[in-house]
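Below you'll find the structure, written out as structure tokens, and then a few comments.
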Amino acid sequence: MINSNEIIDDIANKEYEFGFTTDIEMDIAPPGLNEDIIRFISAKKNEPEWLLEWRLKGFAAFKKMEFPKWQHFEMPALDLQAVSYYAAPRKKKQLNSLDEVDPELLATFEKLGIPLNEQKALTGVAVDAVFDSVSVATTFKGKLKEMGVIFCSFGEAVQEHPELVKKYLGSVVPHTDNVFAALNSAVFSDGSFVYIPKGVRCPMELSTYFRINAQNTGQFERTLIIADDNSYVSYLEGCTAPMRDENQLHAAVVELVALEHAEIKYSTVQNWYPGDKDGKGGIYNFVTKRGICKGAASKISWTQVETGSAITWKYPSVILQGDHSEGEFYSVAVVRNKQIADTGTKIHHIGKGTKSRIISKGISAGHGDNSYRGLVSVGPRADNARNFTQCDSLLIGNQCGSHTFPYIESRNKSAMIEHEATTSKIGEDQIFYLNQRGIDSEKAVALIVNGYVKEVLNQLPMEFAVEAQKLLSITLEGSVG
Amino acid sequence: MLTIKNLHAEVEGKKILKGINLEINKGEMHAIMGPNGSGKSSLASVLAGRDNYTVTEGEVWFNGKNLLDLSPEDRAREGVFLAFQYPVEIPGVSNLNFLKTALNEIRAYKGLPALEAREFLKLTKEKQQLVDFHSNLMNRSLNEGFSGGEKKRNEIFQLAMLDPQLAILDETDSGLDIDALRIVSSGVNKLRDAEKSFVVITHYQRLLEYIIPDFVHVLYNGRIIKTGTKELALELEERGYDWLKEELHLKESV
Ligand SMILES: Nc1ncnc2c1ncn2[C@@H]1O[C@H](COP(=O)(O)OP(=O)(O)OP(=O)(O)O)[C@@H](O)[C@H]1O
Ligand SMILES: [Mg+2]
């Protein structure tokens, strides 16, 4: 017979399924954070002088900054000198096509369910695969190029489209923004770059898959997406990492720029290694994500499904600068075992008639601790700005925690801001009710959780919604009697 | 079909069931009555496998299987259905999706394939009519915001859908208005057949005018102290339980 303690224990004991490592020859820089390593990375990537200077400015800013203290968890000790800031699969020669990518690498991505072979790839999804610090392959490039869509690794964009990179890099998340953004500016390795030209509706989902493999490395990628006037793009990000006893830092920066009438949908299914049941190991996911609706009537929408990482600490934000622009944030964050999430969003209403919608669904199990932290600010010019926030927490068991920190700053009387919050618990009596109808506890939890997160998963493209649903039930598996 | 022998059970260290004996054959309708707190819902819970009850003594056999060895979901799949006295609300899970999952889990257990969407909808419609269940409740979240009566009727609708062998109805009549009581009882009567058995727990003789029981048992202080036919229910209605308690005390003091 099942009791809820067993359910919760089982949830806690479920193994991480992507925890394997890949054996491959790597170029790894010695650990340590200093100007030399920054110059080394920049040289390795054959970067122009202005970019090296930008990195060095980032480093200078970083050295003056301190780690924040306002977060709702104890900041782990981070030894940034013990980290290696560059790791790349060793290339035998310049790659001209996918056939020349190390088969071991292709196999790794296959195993993760991300086939890089275009014949096998999901139709309608172009993938950029990032392994440790570098992008190893981008699919469907040719097809996208025909429409003028640029989708490539960040490194490649620096070489091929320096004017675009120079114009927008740091324009949304400046190198002085916060300590992790400053660190990223100094040592970022690779990432994805997207440019959608005026009037183009990108014909397929663009997707980046991040894989940390090497030991003692951090991952510091940078993503920059620019949607020019009247364009549309839907972009997805997925990630996994091997199981390791030590913690690894992931400090990425994502910048989105939506020009007039443009729309960017950015979805994340985050499944970094969460650490074991005692909280040993796991990724520190300290990421800065921000978009600006620069043009009038533009729209940025963030959707995130966060199931992994020892600590998830991020607030994908939107600056609503253009009049009548719109921002959305849809989030599911799951913590179990000793996982911690302190996540939410910031929406800045600057332009007139700007609208935003925040739907946050926290799920806590085991000893997990989940915080929603959100800011809605309305500036003096933002007449008739509107915000709706719905912030729900679902608890499984008695040992987890959930907290809500909503901040509202309004400097315009015509603004309408609505906030709703609920906390519920999957009760033993609910599970028993479903058991009594022939549904086992594991399925019962999945049924309840799927119902709870439906509104957020509906925002994801179909295939990924199915993936995310599976991921959630695997993550919360453990109702096995 | 169901044999309960000398069943003792406790909850949080408190003895609740103190030696229940009951034999239920195929096609029979048993009514259980008894004062508040006498252990009627507890008996239902123990049969359904609620884990806060500990069985300390006794046996329960269901179609040749030791029921107490089975998990709650397997008991359900074997054909034990409990219409709850207080059905829970499950926000976010649609009534329809829930029923489909339940039905297919039970079918899978029996080695049957999942019902196709079309067949499922056909079945739903048919049973909905049988127990006169409002279709606008179908797409709502399971019991969320349902009125007391609507929840009870949903239990009967589920009963019709899942088609169990043994249905235990725990005070399904409480909270129903007069029309709903008639509708629910006629639904139950339509579901009655030679293969199915029912245990209806009730406080009211009125229900038993619609659903004619083969046996009426009185549960008091964790034991069945009297068994009779439907006339016993009438007598209880008139005289209450005190005379039975007195009879019992006399017997015990001898
Ligand atoms: N979890 C529990 N902890 C302690 N006592 C309990 C618990 N559950 C039930 N009981 C007690 O068991 C006894 C029997 O309860 P039960 O619900 O079975 O009564 P009932 O016959 O169904 O009553 P009613 O007619 O009021 O529905 C009551 O005294 C009740 O307080
Ligand atoms: Mg009761």
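Letters go in sequence order (proteins before strands), and every chain restarts at 1. The figures here come from the full heavy-atom set of this structure, side chains too, leaving out hydrogens, waters and symmetry mates.
Heavy-atom distances place the side chain of B/L162, and not its backbone, under 4.5 Å from chain A. Using a 4.5 Å cut-off between heavy atoms, B/P87 touches chain A through backbone and side chain atoms alike. Proximity to chain A is limited to the side chain of B/Q158, based on heavy atoms less than 4.5 angstrom apart.
The structure places OG of B/S71 at 8.0 Å from CG of A/D440, a figure rounded to the nearest 0.5 Å. Summarising the geometry, atom CZ belonging to B/F98 is positioned 6.0 Å from atom CG belonging to A/L434; distances are rounded to the nearest 0.5 Å. We find the OG-CD1 distance between A/S424 and B/I90 to be 11.5 Å, quoted to the nearest 0.5 Å.
Smallest separation of non-hydrogen atoms from B/A76 and A/G438: CB-N, 3.4 Å. Taking every heavy atom of both residues into account, A/Y433 and B/L142 meet most closely at CE2-CD2, 4.0 Å. Here the closest non-hydrogen pair linking B/T101 and A/K443 is CG2-CD, 4.4 Å.
The shortest distance between side-chain heavy atoms of B/R75 and A/N435 does not fall below 4.5 Å.
Applying a 4.5 Å heavy-atom cutoff, none of the residues of residues 4-19 of chain B approach chain A. Residues of residues 105-124 of chain B that come within less than 4.5 angstrom of chain A, heavy atom to heavy atom, are B/E105, B/I106 in numerical order.
A/Q436 places no side-chain N or O within 3.5 Å of a backbone atom of B/P72 that could act as its donor or acceptor partner. Listed for the A/R437 side chain is no donor-acceptor partner under 3.5 Å among the backbone atoms of B/A102.
For A/K265, the NZ atom is densely surrounded, since the number of other residues' heavy atoms within 6.0 Å is greater than 12. Annotation: A/K355, atom NZ; neighbour count of heavy atoms from other residues, nucleotides and ligands within 6.0 Å does not exceed 12.
Between chain A and the residues B/V80, B/N52, B/L103, the most heavy-atom pairs under 4.5 angstrom are made by B/V80.
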Go through the steps for A/N450 and B/N97 under the test side chain to side chain contact (heavy atoms under 4.5 Å, CB included), then give the verdict. CA-CA 11 Å; A/N450 284 337; B/N97 189 23; over 6 Å; no

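Using the six-membered ring where Trp is involved, B/F84 and A/F432 have ring planes that are perpendicular, over 60° apart on the 30 and 60° scheme.
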